[in-house]
Amino acid sequence: MAATQTEALYERIYALVREIPPGRVATYGQIARIVGCTARVSGYAMAAVPGGSDVPWHRVINSQGKISPRKGGGGEARQKRLLREEGLRFDRQGRVKLADVQWDGPGWAWLAQNGYEPDMF
DNA sequence: TTGTTGACTCTGA
DNA sequence: CTCAGAGCCAACA
């Protein structure tokens, strides 16, 4: 269980990302709005996902519809390949069409079941 | 405790 | 389209 506030925050982020269906993507800011943190922090949470996790971290991209570049360099290519395998199309600028493939959110039922209050939105 | 860094986003040029 | 600056906040030295 979460021993601290920040651990609880990360767990909320991961639980939410696990709800993103194949073929859809969410943005860091979208995740951040729901769990109640900043876009930067949700990005940091993705960087902290351990390998072999069941969290579909590759379905989280930036607000421009592009794969965010890492510090280390590698990783973007793998993320792009995983998304292609789920049917996403990338244009010449390496962007997906967010209007078509962006996730519409977890839904009220899931939110209520996971401790979120309606007045948060 | 202070300073730097980063898988972000928005605005403006 | 690209680029720069400001705001953001948890992690780390």
Side-chain angles (χ1 to χ4, degrees):
Chain A
M1 278 301 280
T4 68
Q5 279 276 330
T6 56
E7 282 174 12
L9 172 63
Y10 275 47
E11 286 182 13
R12 283 203 301 282
I13 293 175
Y14 296 149
L16 186 60
V17 172
R18 271 190 284 263
E19 294 303 306
I20 306 174
R24 287 305 184 97
V25 296
T27 66
Y28 298 98
Q30 184 182 359
I31 298 297
R33 269 201 331 273
I34 298 174
V35 304
C37 69
T38 63
R40 257 205 130 85
V41 171
S42 62
Y44 200 97
M46 289 302 102
V49 172
S53 168
D54 61 338
V55 177
W57 54 270
H58 60 280
R59 297 188 191 131
V60 184
I61 61 180
N62 63 32
S63 65
Q64 304 171 49
K66 298 202 287 193
I67 308 294
S68 289
R70 281 90 168 136
K71 177 74 178 304
E76 297 112 302
R78 183 159 56 114
Q79 182 172 7
K80 189 171 182 180
R81 178 174 53 76
L82 287 169
L83 289 176
R84 275 185 175 290
E85 289 173 0
E86 295 187 353
L88 275 77
R89 307 278 304 274
F90 289 85
D91 65 17
R92 193 174 299 198
Q93 287 81 30
R95 301 188 320 174
V96 299
K97 200 174 180 183
L98 278 180
D100 292 340
V101 302
Q102 183 167 24
W103 183 38
D104 50 26
W108 298 107
W110 185 93
L111 289 171
Q113 192 174 359
N114 285 270
Y116 292 88
E117 299 296 334
D119 62 309
M120 302 172 82
F121 313 91

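To find a chain, count down the sequence lines: A is the first, B the second, and so on, and within it residues start at 1. From a predicted model like this one, the values you see are computed outputs, not experimental measurements.
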What is the distance, rounded to the nearest whole Å, between atom [atom1] of [X] and atom [atom2] of [N]?
X: A:Tyr28; N: B:dC10; atom1: OH; atom2: C1'; result: 17 Å
X: A:Asn62; N: B:dA7; atom1: CG; atom2: P; result: 12 Å
X: A:Met46; N: B:dA7; atom1: CE; atom2: P; result: 13 Å
X: A:Trp57; N: B:dA7; atom1: CH2; atom2: P; result: 13 Å

Checklist entry - Which residues pass the salt bridge (charged side-chain N to carboxylate O under 4.0 Å, His left out) test with A:Asp104, sequence neighbours left out? => result none

Next on the checklist: Can you tell me if A:Gln93 has over 12 outside heavy atoms packed within less than 6.0 Å of its CD?
Outcome noted: yes

Item to check | salt bridge (Lys or Arg N to Asp or Glu O under 4.0 Å): pairs with one or both residues in residues 49-70 of chain A, sequence neighbours excluded | outcome: A:Arg18-A:Asp54, A:Arg59-A:Glu86

Next on the checklist: So, applying side-chain contact (heavy atoms from CB on, under 4.5 Å) with A:Val41, which one of A:Ile31, A:Leu9, A:Val35 is it?
Outcome noted: A:Leu9

Checklist entry - Where is the tightest heavy-atom contact between A:Arg24 and A:Trp103, given as atom of each residue plus distance? => result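 Smallest interatomic distance, heavy atoms only, reads NH1-CA, 4.0 Å.
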
Checklist entry - With the sugar-phosphate defined as primed atoms, P, OP1 and OP2, and the base as all remaining atoms, what B/S/- string results for nucleotides 1-13 of chain C, 5' to 3', for protein heavy atoms under 4.0 Å? => result S-----BBSSS--

Next on the checklist: Is the phosphate of B:dC10 approached by A:Ser63 (side-chain N or O, under 4.0 Å from OP1 or OP2)?
Outcome noted: yes

Next on the checklist: Membership question, hydrophobic clusters at under 4.5 Å side-chain separation (ILVMFWY): are A:Leu98 and A:Met46 in the same one?
Outcome noted: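 In one cluster with A:Met46: A:Leu98, no.
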
Next on the checklist: By the 4.0 Å heavy-atom rule, please label A:Ser42 as base, sugar-phosphate, or nothing.
Outcome noted: nothing

